[in-house]
Amino acid sequence: MENLRTVRGVHDLLPDELYKHQIVIKSGLEISNKYNYSQIEIPIFEFSEVFTKPLGNSSDIVTKENYVFRDRSEDELMLRPEGTSGVVRAFLNAGLVQDVPQRFSYYGPMFRYERPQKGRLRQFKQLGIECLGLSSAMADIEVISLGQEFLDQLNILDKINLKINTLGDFDSRKIYRDALISYFSDYKSKLSEDSIKRLSINPLRILDSKSDEDLKIVENAPSILEFLNFDSKTRFENICKGLDHLNIKYTIDKNLVRGLDYYCHTAFEFTTNELGSQGTVLAGGRYDGLSKMLGGPDVPGVGWAAGVERLALMIESKFINKIEVVLMGQSESFNYLLLPILKKLTQNGIKSEIIYTGNMSKKFKRANKLKASYAIILGEEEVGKKVLKFKDLTSGKEELLKLSEVLLKVTND
RNA sequence: GCGGGUGUAGCUCAGUUGGUUAGAGCGCGGGUUUGUGGUACCUGAGGUCGCCGGUUCGAAGCCGGUCACUCGCCCCA
């Protein structure tokens with residue numbers, strides 16, 4: 001048994017659980033489609049640079065959490081740890097820069113070598129949308145609104161909070177970053193071990209530290225909002241105004257930051273406290289720098305990704321595999337006669353199954369377990385009269401019918 | 001990668017201070033029913049007690065290691 005298990009953090013999806021995933025994915029794609037975001041599919045692995053260039057070496061995603069390998073032609077490839085880079089790469093590749101805006105949706109597996117927890121796996125699914133080619137704040141609002149409606153459709157909005165912040169444009173952020181470094185440097189001896197490292201690698205990360213020692217220092221740290229230049233400031237105000245206009249509730253969290261280098265301006269997270277420390281259920285922001293980092297022209301973009309497993313953990317839904325008709329023969333030799341009947345039923349869209357083995361009693365027990373509505377029984381008597389015995393398994397009523405009559409009864413039901 | 005918890009039948013879990021053949025409920029198989037289910041009753045199968053090693057006359061229970069899950073950190077959807 002030992003070597004039959006799945007790899008750590010990689011799980012099988014049995015019908016019950018898969019069903020929930022499908023509900024999440026289906027409603028995500030549906031609502032996106034209504035907003036004219038067209039679904040695309042991109043490879044699950046790319047040349048490593050597609051991820052290493054834009055994600056930056058300050059991000060754990062590409063430094064310690066990646067699945068990198070060489071194929072037979074010695075190319076260095078990476079299983080995708082996120083979707084956005086690949087989508088933008090595909091967009092550039094297809095020459096769609098000439099035809100903006102472009103709105104895309106996608107879903108599929110992502111891979112990160114992390115310590116698994118509930119709602120955090122090494123192979124997990126994300127569903128995301130990207131709006132490319134619009135620098136207007138309107139696009140940010142649209143994208144957030146779409147995300148909110150998605151969660152609403154899943155009926156979990158009452159368990160969700162929306163937090164937003166701005167990282168400013170690259171100029172504002174650079175000045176802010178310097179201000180943070182100088183502020184935190186004064187407290188260097190009191191910072192947590194992790195945050196001392198962050199100070200040189202990614203000082204913004206100190207802001208969302210959870211350690212008690214850091215929290216006190218962070219409390220009085222300079223806020224990004226004070227360092228925004230005019231454009232960045234009005235853009236953020238416009239976004240808040242837009243959300244108000246849509247009656248979308250949010251809180252401004254000045255400590256909300258992003259791990260990935262390509263983000264700028266808007267950052268947002270839909271979170272829940274139902275999933276322990278994996279509370280972020282849908283998150284995204286603006287990434288105007290990404291296209292250029294990939295070697296393309298300047299193309300603004302904004303989007304989000306949602307964790308399918310995390311959302312699936314939150315929705316109430318049970319997979320009930322109900323079957324309409326079961327077919328059973330008096331003995332094995334009648335199974336041959338049942339095959340064409342099964343074919344006819346399925347051709348008429350009726351979900352059916354032949355119960356091949358066991359005596360009649362066994363077959364009926366099996367029919368109950370399958371939650372079948374009707375049974376078709378075929379034996380000597382029926383063959384002689386050229387009819388089928390049709391039994392309503394709820395009422396227990398039986399009658400002798402022709403196949404055409406059975407089809408009518410079941411399809412009209 | 002770091003720290004805590006857990007691991008006994010297909011599932012949910014009992015198992016006393018270490019003591020002979022390791023239990024229950026549900027589920028599964030067979031029967032009461034040779035062409036009829038859901039209920040009921042009878043009955044049976046199924047466990048290397050996660051894995052490896054150690055302590056002991058003796059380990060499911062103690063110790064060490066390891067693997068998996070889980071909670072927190074890091075990070076993130």
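Letters go in sequence order (proteins before strands), and every chain restarts at 1. Treat the numbers as computed from the prediction; the structure is a model and nothing was measured.
- Interface remark: the A/R115 side chain does not form any donor-acceptor pair with the B/C74 base, using a distance-only criterion of under 3.5 Å.
- Residues from residues 265-279 of chain A that place a heavy atom under 4.0 Å from any atom of RNA chain B, listed by number: A/G276, A/S277.
- We find that CD1 of A/I206 is positioned 14 Å from C1' of B/C74, with the value rounded to whole Å.
- Nearest-nucleotide positions on RNA chain B for A/L121 and A/V7 put A/V7 closer to the 5' end.
- Donor-acceptor pairing under 3.5 Å, judged by distance alone, is present between the side chain of A/K391 and the base of B/U36.
- Nucleic acid contact for A/A367: none, since no nucleic acid atom lies under 4.0 Å from a heavy atom of the residue.
- B/G5 takes the anti form, because its glycosidic angle lies more than 90° either side of 0.
- Under the side chain to side chain donor-acceptor pair (under 3.5 Å) criterion, A/E30 pairs with no residue, sequence neighbours left out.
- Among residues at least two apart or in separate chains, ring-ring contact (aromatic ring centres under 6.0 Å, His included) pairs with a member in residues 356-384 of chain A are A/Y374-A/F390.
- Taken residue by residue, residues 393-404 of chain A places heavy atoms nearer than 4.0 Å to RNA chain B at A/L393, A/T394, A/G396, A/E398.
- B/G1 is paired with B/C73 under the criterion used here, namely a Watson-Crick or G-U wobble arrangement in which both key atom distances are under 3.5 Å.
- The partner of B/G23, taking Watson-Crick or G-U wobble pairs whose two distances both stay under 3.5 Å, is B/C13.
- A heavy atom closer than 4.0 Å to some atom of RNA chain B occurs in no member of residues 287-294 of chain A.
- Between A/H11 and B/C69, a side-chain N or O to OP1/OP2 separation shorter than 4.0 Å is present.
- Aromatic ring centres of A/F47 and A/F51 lie farther apart than the 6.0 Å criterion allows.
- Using N1 to N3 plus N6-O4 or O6-N4 for Watson-Crick, or N1-O2 and O6-N3 for G-U wobble, each under 3.5 Å, B/C62 pairs with B/G54.
- For B/U32, the paired nucleotide is B/A40, the pair qualifying as Watson-Crick or G-U wobble because both relevant distances are below 3.5 Å.
- Of the residues in residues 184-191 of chain A, not one places a heavy atom less than 4.0 Å from an atom of RNA chain B.
- A/K362 has a side-chain polar atom (N or O) that falls below the 4.0 Å cut-off from OP1 or OP2 of B/G30.
- Across all strands shown, B/G47 forms no Watson-Crick or G-U wobble pair with both distances under 3.5 Å.
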